[in-house]
**Student:** 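Encoded as structure tokens, here's the structure I'll be asking about.
Along the sequence shown, residues carry numbers from 1. Since this is a predicted model, take the numbers as computed values, not measurements.
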Amino acid sequence: MVKMKDYRSIMALTALVLMALFSTIGCSKMPTANDDPATTTLLKRNLSALKVTDAVAHIDTVLNAAEGGVVTLLDVELDFPPKALPNDTLISIDIPDLAVFANDFGTNGLIFNVPVRVTMSYRDADLSGLDETTIKMAWYNPHSGNWDIIDCHINPLDMTVTAFVSHFSAYALITDE
């Protein structure tokens, strides 16, 4: 039987290994760089592929800090490992404009004890004339007014981008094309 102390050590080691792995095979050459605002474009959804009638989407739920859990809305999945949250917390996903892959994650400003996995699918993206390898995940930095690129992994077979984040704010799929 695995003791709780050993379990926590294994989880912490796993998180560190995953972070190291994603930092070496990330989406960008400069994973924490600001993207050039003159060339940054939010990835657009192919709205005809969606089966949603409203122009916005929202979900919120309270997650148990000890257990963690998964929150999903349309093409976004947030996976919280146990003890990532400091206490039971209201978690939300807002997609204010279904035309683009930009999402507001809340509670805004929340900092995690261990990284949280964010996976965004771009299956419903308008990829006409777009090189998939240029897709990156970024968070909106309100201080600079730029989208800051983060370490991420593109899976072209599943058409997903995955990153591990340490805080909540607005996150998006962007491209330089």
Side-chain angles (χ1 to χ4, degrees), residues 14-59 70-81 84 91-106 108 112 114-142 144-177:
T14 301
L16 287 173
V17 168
L18 287 172
M19 287 174 41
L21 177 66
F22 282 118
S23 68
T24 60
I25 59 170
C27 294
S28 68
K29 294 177 184 163
M30 297 177 55
T32 57
N34 291 340
D35 207 19
D36 181 0
T39 61
T40 299
T41 305
L42 290 173
L43 192 63
K44 293 180 176 30
R45 283 186 175 90
N46 178 356
L47 291 178
S48 64
L50 287 177
K51 303 206 177 6
V52 176
T53 57
D54 294 332
V56 299
H58 170 85
I59 189 171
V70 176
V71 181
T72 303
L73 179 64
L74 295 177
D75 46 32
V76 180
E77 180 179 279
L78 307 176
D79 187 356
F80 293 81
I91 301 298
S92 65
I93 303 173
D94 285 297
I95 304 175
D97 181 355
L98 290 179
V100 294
F101 286 87
N103 313 285
D104 292 323
F105 300 149
N108 193 18
F112 309 116
V114 295
V116 169
R117 187 180 73 210
V118 176
T119 302
M120 293 185 205
S121 169
Y122 59 92
R123 277 186 292 279
D124 294 328
D126 179 1
L127 297 176
S128 54
L130 180 72
D131 178 2
E132 281 182 67
T133 63
T134 65
I135 298 172
K136 305 169 197 144
M137 192 180 296
W139 71 281
Y140 183 74
N141 184 335
S144 68
N146 293 321
W147 288 98
D148 290 346
I149 300 166
I150 60 175
D151 268 347
C152 56
H153 173 74
I154 298 173
N155 181 336
L157 295 176
D158 290 337
M159 298 182 82
T160 59
V161 180
T162 301
F164 287 85
V165 302
S166 60
H167 73 284
F168 267 174
S169 64
Y171 286 84
L173 296 181
I174 64 171
T175 180
D176 289 335
E177 290 190 359

**Student:** Quick check against the 3.5 Å criterion: does D97 have a side-chain atom that pairs as donor or acceptor with the backbone of A99?
**Tutor:**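 Side chain of D97 to backbone of A99, a donor-acceptor pair under 3.5 Å: yes, one is there.
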**Student:** Could you go through V165 and F105, starting from their C-alpha distance and side-chain angles, then the distance that decides it, and tell me whether this counts as side chain to side chain contact (heavy atoms under 4.5 Å, CB included)?
**Tutor:** CA-CA 11 Å; V165 302; F105 300 149; 6.0 Å; no
**Student:** Test of understanding: with side-chain hydrogen bond (donor to acceptor under 3.5 Å, both in side chains), list the residues that count as partners of T119, not counting sequence neighbours.
**Tutor:**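 Scan of T119 (side-chain hydrogen bond (donor to acceptor under 3.5 Å, both in side chains), adjacent residues dropped) gives T162.
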**Student:** Residues two or more places apart in sequence or in another chain: which of them pass side chain to side chain contact (heavy atoms under 4.5 Å, CB included) with L130?
**Tutor:**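 Scan of L130 (side chain to side chain contact (heavy atoms under 4.5 Å, CB included), adjacent residues dropped) gives L43, L127, T134, I135, T175, E177.
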**Student:** Kindly give the heavy-atom pair with the smallest separation between D79 and V116, and that separation in Å.
**Tutor:**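 Heavy atoms of D79 and V116 come nearest at O-CG1, 3.4 Å.
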**Student:** Calculate, to the nearest 0.5 Å, the distance between atoms NE2 and OG belonging to H58 and S92 respectively.
**Tutor:**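 H58 NE2 to S92 OG: 5.5 Å, rounded to 0.5 Å.
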**Student:** Indicate the atoms forming the closest heavy-atom contact of M137 with A163, along with that distance.
**Tutor:**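 Nearest pair, atom of M137 first, then A163: SD-CB, 3.6 Å.
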**Student:** Which pair of heavy atoms, one from E77 and one from T72, lies closest together, and at what distance?
**Tutor:**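 For E77 and T72, the tightest heavy-atom pair comes out as CG-OG1, 3.8 Å.
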**Student:** Using the ring pair (Phe, Tyr, Trp, His ring centres under 6.0 Å) criterion, which residues pair with Y122? Sequence neighbours excluded.
**Tutor:**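 Residues passing ring pair (Phe, Tyr, Trp, His ring centres under 6.0 Å) with Y122: none at all.
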**Student:** Do I149 and I174 have side-chain heavy atoms sitting under 4.5 Å apart?
**Tutor:**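 Touching, per the 4.5 Å side-chain cut-off.
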**Student:** Once rounded to the nearest 0.5 Å, what's the spacing between atom CD1 of I93 and atom CG of L78?
**Tutor:**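 If we round to the nearest 0.5 Å, I93:CD1 and L78:CG are 4.0 Å apart.
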**Student:** In chain order, what residues pass the side chain to side chain contact (heavy atoms under 4.5 Å, CB included) check against H167, with sequence neighbours excluded?
**Tutor:**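 Counting only residues at least two positions away or on another chain, H167 forms a side chain to side chain contact (heavy atoms under 4.5 Å, CB included) with I111, W139, S169, Y171.
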**Student:** Do you know which two heavy atoms are closest between A102 and A172, and how far apart they sit?
**Tutor:**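 The pair with the smallest heavy-atom distance is CA-CB, 3.8 Å.
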**Student:** Please list, chain by chain and in numerical order, all residues satisfying side chain to side chain contact (heavy atoms under 4.5 Å, CB included) with A170, sequence neighbours excluded.
**Tutor:**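 For A170, the residues satisfying side chain to side chain contact (heavy atoms under 4.5 Å, CB included) (neighbours in sequence not counted) are D104, Y140, W147.
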**Student:** Could you pull out all residues at least two apart from N155 that satisfy side chain to side chain contact (heavy atoms under 4.5 Å, CB included)?
**Tutor:**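 Counting only residues at least two positions away or on another chain, N155 forms a side chain to side chain contact (heavy atoms under 4.5 Å, CB included) with H153, L157, D158, T160.
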**Student:** Out of curiosity, N103 CG to L73 CG, how far, rounded to the nearest 0.5 Å?
**Tutor:**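 So the CG of N103 and the CG of L73 are separated by 8.0 Å.
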**Student:** Taking all non-hydrogen atoms of both residues into account, name the closest pair between S144 and D148 and its distance.
**Tutor:**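 Looking at all heavy atoms of both residues, the shortest contact is OG-OD1, 4.3 Å.
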**Student:** State, to 0.1 Å, how close S128 and D126 come at their nearest heavy-atom pair, and which atoms those are.
**Tutor:**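 The answer is OG-OD1, 2.7 Å.
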